[in-house]
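In what follows, every chain begins at residue 1, and chains take the letters A, B, ... in the order their sequences are listed.
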Protein chains: 2
Amino acid sequence: MTRATIKDVSRVAGVSIKTVSRVLNKERYVSDDMRQKVEEAVARLNYHPSQAARTLAGKRSFQIGLIHDNPSPYYIFNMQAGVGQRCREADFRMIVQPCDINSPGLVDDIGALIDQAQLDGIIMTPPVTDVGTALAELFRRKIPVVRVQPGTDLTATSAVYIDNVQAADDMTAYLISLGHRRIGFVTGHGNYFASGQRLTGYRQALQRAGIGFDAALVFPGQFDFQSGTAAAEALLALDQPPTAIFASSDDMAAGVLAAAHRLGVAVPDQLSVAGFDDTDLAQVVWPSLTTIHQPIRDLGYAAADLLLEFGETIERRQLPHKLVVRGSTAAPKS
Amino acid sequence: MTRATIKDVSRVAGVSIKTVSRVLNKERYVSDDMRQKVEEAVARLNYHPSQAARTLAGKRSFQIGLIHDNPSPYYIFNMQAGVGQRCREADFRMIVQPCDINSPGLVDDIGALIDQAQLDGIIMTPPVTDVGTALAELFRRKIPVVRVQPGTDLTATSAVYIDNVQAADDMTAYLISLGHRRIGFVTGHGNYFASGQRLTGYRQALQRAGIGFDAALVFPGQFDFQSGTAAAEALLALDQPPTAIFASSDDMAAGVLAAAHRLGVAVPDQLSVAGFDDTDLAQVVWPSLTTIHQPIRDLGYAAADLLLEFGETIERRQLPHKLVVRGSTAAPKS
DNA sequence: TTCGAATATGACAACGTTATCTCATCGAGC
DNA sequence: GCTCGATGAGATAACGTTGTCATATTCGAA
């Protein structure tokens with residue numbers, strides 16, 4: 001017993017091959033009578049169309065690519081979950097392609113992927129979003145692209161994103177509202193545009209509250225645990241150490257926590273710590289992290305949605321973030 | 001300018017289409033002369049074969065599926081990285097398919113995936129590995145299968161795994177060697193065969209050391225953070241609380257840590273805590289976790305390797321685990 | 001020298017769909 | 001009653017590869 005083909009279906013249903021194809025592709029001009037006969041035959045034979053044949057014969061492949069160069073399991077997992085969910089709803093398949101933005105073969109690899117799989121569209125996550133040569137290649141091929149949280153050429157492609165400036169502003173304002181005046185800030189990796197945006201939000205909230213910006217309180221991080229540890233060690237060693245540290249990722253916030261524990265600094269009594277992302281990590285460290293919830297899964301879903309609904313038409317969608325207060329922040333003890 | 005086809009390549013190289021195909025597929029009986037001409041043409045035209053056409057015309061699709069129902073981002077990320085790596089080396093593509101082992105449509109979904117994509121093979125991770133109906137469907141289709149850490153029908157398919165019994169034994173023996181006599185154990189989720197194996201290893205080490213097994217020290221967990229917290233609360237409330245707790249996942253160990261912090265129990269001075277898996281988490285909590293390193297990425301790589309190298313031939317491969325000592329364990333203070 | 005096997009290449013059908021074109025039917029408007 | 005557009009259905013040609021078979025050449029052994 002070999003796989004059922006469209007021919008088998010047409011024979012069982014007693015209609016032409018093309019009519020079966022019409023039903024499968026939900027085309028117009030099919031009578032209810034025919035549609036029903038075909039659907040019955042499809043169910044009876046447990047028929048599933050060959051993706052390869054569809055791709056070869058048609059103009060679409062029902063496949064989209066997700067291109068990323070992101071070392072965070074949590075980010076990738078949720079992004080895939082969101083994109084995958086939307087793909088399943090549309091009977092599309094998601095092809096995941098990790099890459100290395102520093103590799104000279106990056107552009108060729110992306111081109112090869114598109115050629116081989118005949119992708120109908122591409123979703124990119126930072127920092128791949130901002131690699132000019134890769135973007136140019138995609139434009140050359142005129143393939144629909146949706147970028148997640150792009151930093152450059154904002155209007156060049158469809159995009160989904162959150163308001164990083166506002167989010168960092170929210171968190172900083174929250175810390176200020178608790179009574180903190182000296183708030184340390186750990187920036188993210190320079191490759192990510194969001195890093196700068198979060199710093200901007202931090203400064204914006206300080207300024208609004210009439211608190212002067214102190215460059216000594218800003219530590220350059222890389223989004224990872226080590227950076228957080230290093231930042232905490234540096235910031236807590238200052239003559240006038242901060243009473244709160246806002247790290248622009250949860251990993252870095254965890255690093256701050258670890259350093260504080262090691263130095264015997266009580267959190268949140270002696271030091272408040274805030275993160276950004278609301279990864280699983282935030283609820284698994286102690287004390288659990290006050291952080292900004294970034295709806296990564298929803299971003300993925302929205303990205304796929306834009307791709308499937310609008311194709312080449314450029315569309316933008318901003319998703320809401322949320323301040324999540326947990327155990328790592330409190331009012332400073334005077 | 002449209003995509004280059006094999007026809008274009010054959011024209012540029014001045015050979016037949018079939019010869020180009022031979023070179024591309026590394027078939028025998030091609031002269032160096034021909035091979036070189038074809039390779040030059042391929043490079044010049046930046047030609048990439050259409051996967052769809054290859055699948056349709058040939059017997060192989062150059063695609064394998066990775067089927068999982070696992071909520072751990074870390075596990076999935078690394079498994080994908082390993083499988084993906086091996087696929088890239090062989091110019092195969094990996095299709096990732098999350099699923100729900102409790103869904104009645106599970107078998108149909110897997111069947112549909114195989115039909116539509118004409119997969120050349122399937123890799124499954126626990127707990128999907130042990131769903132009898134799904135396995136039966138795969139056998140029916142005679143598709144090569146590799147299972148990661150299967151629990152049932154061990155010899156029915158190729159498999160890669162670690163020795164969970166020995167690993168848990170190692171950890172327990174290590175804790176005993178530190179001087180611990182009352183060692184709590186938190187089991188994993190019942191759906192996973194590894195859960196039982198780890199408990200066996202724990203008991204085995206106790207017995208060898210002449211320490212009686214005390215059922216009160218074993219707490220049933222689910223592999224997640226909450227379980228760990230609940231376990232620690234229950235175990236530490238015993239009349240004779242343990243001096244060490246061995247949780248069979250890092251997430252649960254993190255839960256134990258959090259509960260200990262909350263209860264004011266110092267780790268490792270008053271309580272040693274050990275995990276299992278060595279996920280990123282292990283180095284990000286405080287104190288960092290003593291745990292068993294499970295080479296998830298390597299397991300993925302090996303699984304794909306077995307699939308690509310041996311196909312239907314059943315082959316098994318055991319990978320080494322490793323005890324990693326970090327800050328969460330110490331000798332008990334008498 | 002001759003023959004068979006191994007090597008090297010090509011012609012052409014086949015894979016399972018969708019696209020395009022053709023044809024038939026049915027109502028509505030003149 | 002006739003024409004025209006909308007609707008419904010099918011025949012047939014792609015799509016870009018690989019599989020199969022045919023054919024030519026080369027090499028080694030009898």
Side-chain angles (χ1 to χ4, degrees), chain A residues 2-39 41-42 45-63 91-93 112 114-120, chain B residues 2-39 41-42 45-63 91-93 112 114-120:
Chain A
T2 175
R3 298 181 56 216
T5 71
I6 200 171
K7 205 167 169 183
D8 301 324
V9 176
S10 73
R11 199 178 315 115
V12 169
V15 303
S16 78
I17 290 181
K18 181 62 205 182
T19 299
V20 178
S21 175
R22 286 204 179 87
V23 172
L24 261 36
N25 291 286
K26 302 191 206 318
E27 287 176 26
R28 287 169 29 165
Y29 308 145
V30 207
S31 63
D32 289 346
D33 188 34
M34 287 281 162
R35 189 182 313 278
Q36 200 176 332
K37 271 196 282 187
V38 170
E39 279 165 357
V42 165
L45 294 174
N46 193 27
Y47 165 75
H48 301 288
S50 154
Q51 172 135 12
R54 286 197 342 147
T55 303
L56 185 56
K59 293 176 165 37
R60 300 176 302 169
S61 69
F62 303 94
Q63 290 185 294
D91 265 317
F92 265 62
R93 212 172 297 289
I114 298 172
D115 272 357
Q116 284 173 352
Q118 261 127 285
L119 297 182
D120 292 336
Chain B
T2 176
R3 299 180 54 217
T5 70
I6 201 171
K7 206 169 168 181
D8 301 324
V9 176
S10 72
R11 201 179 312 115
V12 168
V15 303
S16 77
I17 289 182
K18 183 64 207 183
T19 299
V20 178
S21 174
R22 286 208 178 85
V23 173
L24 261 36
N25 290 287
K26 305 192 203 314
E27 286 176 26
R28 287 168 28 165
Y29 307 147
V30 204
S31 65
D32 289 346
D33 188 33
M34 286 281 161
R35 190 183 312 280
Q36 200 175 333
K37 272 197 279 186
V38 169
E39 279 166 357
V42 164
L45 294 174
N46 193 28
Y47 165 76
H48 301 288
S50 154
Q51 170 135 16
R54 294 215 313 163
T55 303
L56 184 57
K59 294 178 163 34
R60 300 177 301 168
S61 69
F62 303 94
Q63 301 193 120
D91 264 317
F92 265 62
R93 211 173 296 290
I114 297 172
D115 272 356
Q116 284 174 351
Q118 262 127 285
L119 297 182
D120 292 337

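One atom, OH of Tyr29(A), and another, P of dT7(D), lie 5 Å apart when rounded to the nearest Å. The distance from atom CD of Glu27(B) to atom C1' of dT17(D) is 12 Å, rounded to the nearest whole Å. Put simply, CZ on Phe62(A) is 12 Å from P on dT17(C), counting in whole angstrom units. Rounded to whole Å, atom P of dT17(D) lies 7 Å from atom CZ of Arg3(B). The distance between atom CG of Leu56(B) and atom C1' of dT18(D), rounded to the nearest whole Å, is 10 Å. As a whole-Å value, the separation of Arg54(B) CZ from dC15(D) C1' is 16 Å. Note: CD1 (Ile17(B)) to C1' (dT17(D)) measures 9 Å, nearest angstrom. Atom pair Gln118(A):CD and dT18(C):C1' shows a separation of 13 Å (rounding to whole Å applied).
In the set dT7(C), dT17(C), dG10(C), the nucleotide with an atom closest to the side chain of Thr19(B) is dG10(C). Relative to the side chain of Lys18(B), the nucleotides dG19(D), dA14(C), dT17(C) differ in distance, and dG19(D) lies closest.
Of the listed residues (Val12(A), Asp8(A), Leu24(A)), just one forms a side chain to side chain contact (heavy atoms under 4.5 Å, CB included) with Tyr47(A), and that residue is Leu24(A).
At dA8(C), none of the side-chain N or O atoms of Ser31(B) fall inside 4.0 Å of OP1 or OP2 (strictly under the cut-off). Ser21(A) has a side-chain polar atom (N or O) that falls below the 4.0 Å cut-off from OP1 or OP2 of dT18(C). Residue Ser16(B) places at least one side-chain N or O under 4.0 Å from the OP1 or OP2 atom of dG10(C). OP1 or OP2 of dG16(C) has not a single side-chain nitrogen or oxygen of Thr5(A) nearer than 4.0 Å.
For Arg22(B) and Tyr29(B), the positive end is not near the middle of the six-membered ring at less than 6.0 Å and at most 45° from its axis.
Using a 4.0 Å heavy-atom cutoff across all strands shown, Leu24(A) reaches no nucleic acid atom at all.
In the interface, the side chain of Lys59(A) is not paired with the base of dA19(C) through any donor and acceptor atom under 3.5 Å apart.
Thr55(A) places a side-chain N or O within donor-acceptor distance of the main-chain N or O of Gln51(A), the cut-off being under 3.5 Å.
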Query raised in the report: Yes or no on side chain to side chain donor-acceptor pair (under 3.5 Å) for Arg60(B) and Gln118(B), after CA distance, side-chain angles and deciding distance?
Result: CA-CA 8 Å; Arg60(B) 300 177 301 168; Gln118(B) 262 127 285; over 6 Å; no
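Place Lys7(A) and Arg22(A) on DNA chain C by their nearest nucleotides, and Lys7(A) ends up nearer the 5' end. Remark on DNA chain C: of its neighbouring residues Ala52(A) and Gly14(B), the 5'-side contact belongs to Gly14(B), judged by nearest-heavy-atom nucleotide.
A donor and an acceptor atom, one from each side chain of Gln116(A) and Arg93(B), are located under 3.5 Å apart.
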